[in-house]
Amino acid sequence: VDRENIRNFSIIAHIDHGKSTLADRLIEKTGMITQREMQDQVLDKMDLERERGITIKLKAVRLNYKANNGKDYVFNLIDTPGHVDFNYEVSRSLAACEGAILVVDATQGVEAQTLANVYLAIDQDLEIFPVINKVDLPSARPEEVAQEIEDIIGIDASYAPHISAKEGLNIDQVLEGIVERIPAPVGDENKPLKALIFDSYYDPYKGVTCYIRVFDGKIYPGMKIKLMSTGKEFEVTEVGISTSKQIPVDFLSAGEVGYVAASIKNVKEARVGDTITDAYNSTDKPFPGYKKVTSMVYCGIYPAEGEDFNSVRDALEKLQVNDASLVFEPETSQALGFGFRCGFLGLLHMEIIQERLEREFDLNIITTAPSVIYKVHKTDGEIIDIQNPSNLPKPSEIDYIEEPIVSASIMTPSEYVGAIMELCQNKRGTFLNMEYLDQKRVTLKYELPLNEVIYDFFDALKSKTRGYASFDYELKGYNRSELVKLDILINGELVDAFSMIVHEEKAYERGRIIAEKLVDVIPRHQFAIPIQAAIGSKIIARETIRALRKDVLAKCYGGDISRKKKLLEKQKEGKKRMRQIGSVEVPQEAFLSVLKYD
Ligand code: GTP
């Protein structure tokens, strides 16, 4: 293909504004995949993603389009994940493009992630092509939203097509817009190979497959390539393009997007953001911005009673093959036995992995409260990173502790400002500023401790604003803070899986709430069970689970055998999900209930 006729672009949007639906329409209209072949949403591959309506793994698809000017174009549509946890991956996919279609919902207008994504696109110098979606809805206000885009984002939206991705209205305007608005790639085929990896995954037949954008030079089977972050060399076994399926080609050259396989064994060796070059004739500079992703949130994952440690490890290993950002290492808990400490990009990533372990691998697992990484400055001068509260040194060895802080921006209709400020205050937030976007909408900027955000911040924000506020954050740095380790004792026994690091001022409240929760979720036993919250040796809250007076079966009247059986079976079922802690049986849900404290 002539480079002049290539268009490489992504679609960016706030969640639910119609990104995937528009992608489907573009794919359908360019006839790349017949309607019958096309599943509902081609780009969202995994079931889980579809159910949750989010895009986790990105991918590229190549479309052919004959424009009104009579020329044939090649479109490479590069999919981006739609959540802040995956911002780095989004930025790498955007780096592979010359432009981005910005989808804005005509009923909702510009939202927090619209802006966050636009900023990522602007950082990559992309041409932004706005499109106003969902104009079929009665509450659509496309003119107003166009004005909003101009006022808030500062780009001309007067030409933005008014579309309905769902009903296929005005999609041809989008296709023509791609040709006219998005620049063709530049690059030099005669220079040494320089290609950017924007996605990689493990294929059981081909080994690791990388999605790449070639900027200079050519890549072809048999070529010896080098990955610039590690210096490791590989021989290319296949290059190709992906349409509805992968089609091998003889080469990919400057400006093109496609995939490459090179018998790479592990996704860790071909990480997103890395630069591929010719092993014998290297490009002088790799792409800027390559970074090894770092985990923001950690939690313990343990096999539930009766589950096998090895099967949990196997499952984590399998997931890791395709997810270089998942990290884990074995750890032991007194309460839960052998398990793993796992690191995630964020809370959503954590939830996705937990769900996949349960659904795809059919495992029963127990997860401990999520934690962030604390920097502990010891009195002997050593600074250590702590992600497991149980590993916190003794108070006498601690000089001070620092915790991660995020800069958060919350976009909201102005009537909720009061409620949000109260929430942020409550979460130890520091107010930075407030900006009116227009008469009705406001952006609030706060600095918040990440450890408050990972609890129930999202849920609380949603419920306080009836879902109207949107939220985005990025790691800002570390601040010194008065933190303590909060322990929970059940029947006098410290249960390490419940330990958490919290701000001193919050410890009492949090301890009391957890103790109250546990009283609700732990069934009554033949004896009374004290539940205590403690800081060091100081008990700060106490509740008691009263002793059971009668046998459950006593509830059954008149010797109804089948009913009795059912009850016993139910108990057995429940037992499987119990954890024996000392002489107390603790149900699995108890471990989850400490995660939410509202
Ligand atoms: P994420 O993948 O979660 O980021 O969302 P998305 O931006 O890809 O949105 P998606 O395409 O999944 O659409 C979200 C919802 O809006 C779905 O229920 C769509 O059916 C609906 N939707 C998308 N486009 C339109 C439209 O033009 N009109 C109407 N009425 N609904 C639409």
Side-chain angles (χ1 to χ4, degrees), residues 297-300 302 333 335-336 347 350-351 354 366-372 374 388-390 392 401 403 419-429 448-465 471 481-525 528-546 577-579 581-582 584-598:
V297 177
Y298 285 81
C299 79
Y302 287 84
S333 149
L336 302 175
L347 267 197
M350 179 180 103
E351 283 170 26
Q354 289 170 1
I366 290 176
T367 43
T368 65
S371 169
V372 299
Y374 298 94
N388 182 347
S390 306
L392 195 68
I401 306 178
E403 65 176 334
I420 293 174
M421 287 185 146
E422 199 187 311
L423 173 68
C424 291
Q425 210 68 39
N426 203 324
K427 304 285 181 194
R428 300 190 284 126
L448 288 160
L450 182 61
N451 97 349
E452 299 287 344
V453 174
I454 65 173
Y455 283 95
D456 60 347
F457 189 83
F458 287 99
D459 293 346
L461 183 67
K462 262 202 204 121
S463 77
K464 285 198 194 302
T465 63
F471 175 63
S481 179
E482 297 310 315
L483 298 161
V484 292
K485 177 162 155 262
L486 174 67
D487 292 320
I488 300 292
L489 291 84
I490 295 180
N491 207 17
E493 203 163 318
L494 193 154
V495 185
D496 58 358
F498 285 132
S499 296
M500 53 175 74
I501 293 171
V502 295
H503 193 263
E504 207 174 41
E505 277 172 21
K506 294 261 160 173
Y508 284 84
E509 184 199 357
R510 191 84 58 94
R512 182 176 47 76
I513 292 171
I514 292 173
E516 282 168 5
K517 278 234 166 100
L518 291 178
V519 168
D520 283 342
V521 294
I522 297 176
R524 291 162 73 180
H525 286 52
I529 305 167
I531 308 278
Q532 295 160 304
I535 302 171
S537 56
K538 190 165 139 213
I539 304 295
I540 58 167
R542 185 196 158 105
E543 296 283 332
T544 306
I545 302 173
R546 283 180 299 135
R577 295 176 168 258
M578 292 283 186
R579 268 280 164 177
I581 290 175
V584 180
E585 295 204 311
V586 179
Q588 200 172 332
E589 61 167 320
F591 296 93
L592 290 176
S593 70
V594 300
L595 311 188
K596 304 237 147 100
Y597 69 102
D598 240 7

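Residues take their numbers from the sequence shown, with the count starting at 1.
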(message) If you define the side chain from C-beta out and look only at heavy atoms, does anything of Ser333 sit under 4.5 Å from Ser390?
(response) no
(message) Any heavy-atom pair between the side chains of Phe471 and Val453 that's under 4.5 Å?
(response) yes
(request) Over all heavy atoms of both residues, which pair between Ser481 and Arg428 is shortest? Give the atoms and the distance, please. (result) OG-NH1, 3.6 Å
(request) For the residue pair Pro449 and His503, establish whether any side-chain heavy-atom pair is separated by less than 4.5 Å. (result) no
(request) Check side chain to side chain donor-acceptor pair (under 3.5 Å) between Ser371 and all other residues, then give those that pass, not counting sequence neighbours. (result) none
(request) Answer yes or no: does atom CD of Glu516 have more than 12 heavy-atom neighbours from other residues, nucleotides or ligands under 6.0 Å? (result) yes
(message) Any non-hydrogen side-chain atom of Leu486 less than 4.5 Å from a side-chain atom of Ile540?
(response) yes
(request) Could you grab the distance from atom CD1 of Ile535 to atom NZ of Lys485, nearest 0.5 Å is fine? (result) 11.0 Å
(message) Within this structure, what is the CD1-CD distance for the pair Ile514 and Glu509, rounded to the nearest 0.5 Å?
(response) 10.5 Å
(message) Measuring from atom CD of Gln532 to atom CG of Asp487, what distance do you get when rounded to the nearest 0.5 angstrom?
(response) 11.0 Å
(message) Using side-chain heavy atoms (C-beta onward) and a distance below 4.5 Å, is Glu351 in contact with Thr367?
(response) no
(message) Does Leu489 form a side-chain contact (heavy atoms from CB on, under 4.5 Å) with Ile531? I'd like the steps, not just the answer.
(response) CA-CA 6 Å; Leu489 291 84; Ile531 308 278; over 6 Å; no
(message) Distance check, rounded to the nearest 0.5 Å: Ile529 atom CD1 versus Arg546 atom CZ?
(response) 12.5 Å
(request) Measure the CG-NZ distance between Asn451 and Lys506 for me, rounded to the nearest 0.5 Å. (result) 9.5 Å
(request) Calculate, to the nearest 0.5 Å, the distance between atoms CD1 and CG belonging to Ile501 and Leu392 respectively. (result) 4.5 Å
(request) Check whether any side-chain heavy atom of Val584 lies under 4.5 Å from a side-chain heavy atom of Ile545, and answer yes or no. (result) no
(request) Compare all side-chain heavy atoms of Leu336 with those of Thr368 and state whether any distance is below 4.5 angstrom. (result) yes
(message) Would the distance check show the side chain of Asp496 and the main-chain N or O of Ala335 forming a donor-acceptor pair, the cut-off being under 3.5 Å?
(response) yes
(message) Just so I know, are the side chains of Ile488 and Ser499 near enough to count as touching, which here means a heavy-atom distance under 4.5 Å?
(response) no
(request) For the pair Arg510 and Glu452, evaluate salt bridge (Lys or Arg N to Asp or Glu O under 4.0 Å) and give the outcome as yes or no after the intermediate values. (result) CA-CA 12 Å; Arg510 191 84 58 94; Glu452 299 287 344; 3.6 Å; yes
(message) Set out, in order, the CA-CA distance, both residues' side-chain angles and the distance that settles side-chain contact (heavy atoms from CB on, under 4.5 Å) for Glu585 and His525, then state yes or no.
(response) CA-CA 8 Å; Glu585 295 204 311; His525 286 52; 3.6 Å; yes
(message) Looking at every heavy atom in both Pro370 and Cys299, which two are closest together, and how far apart are they?
(response) CA-CB, 4.0 Å
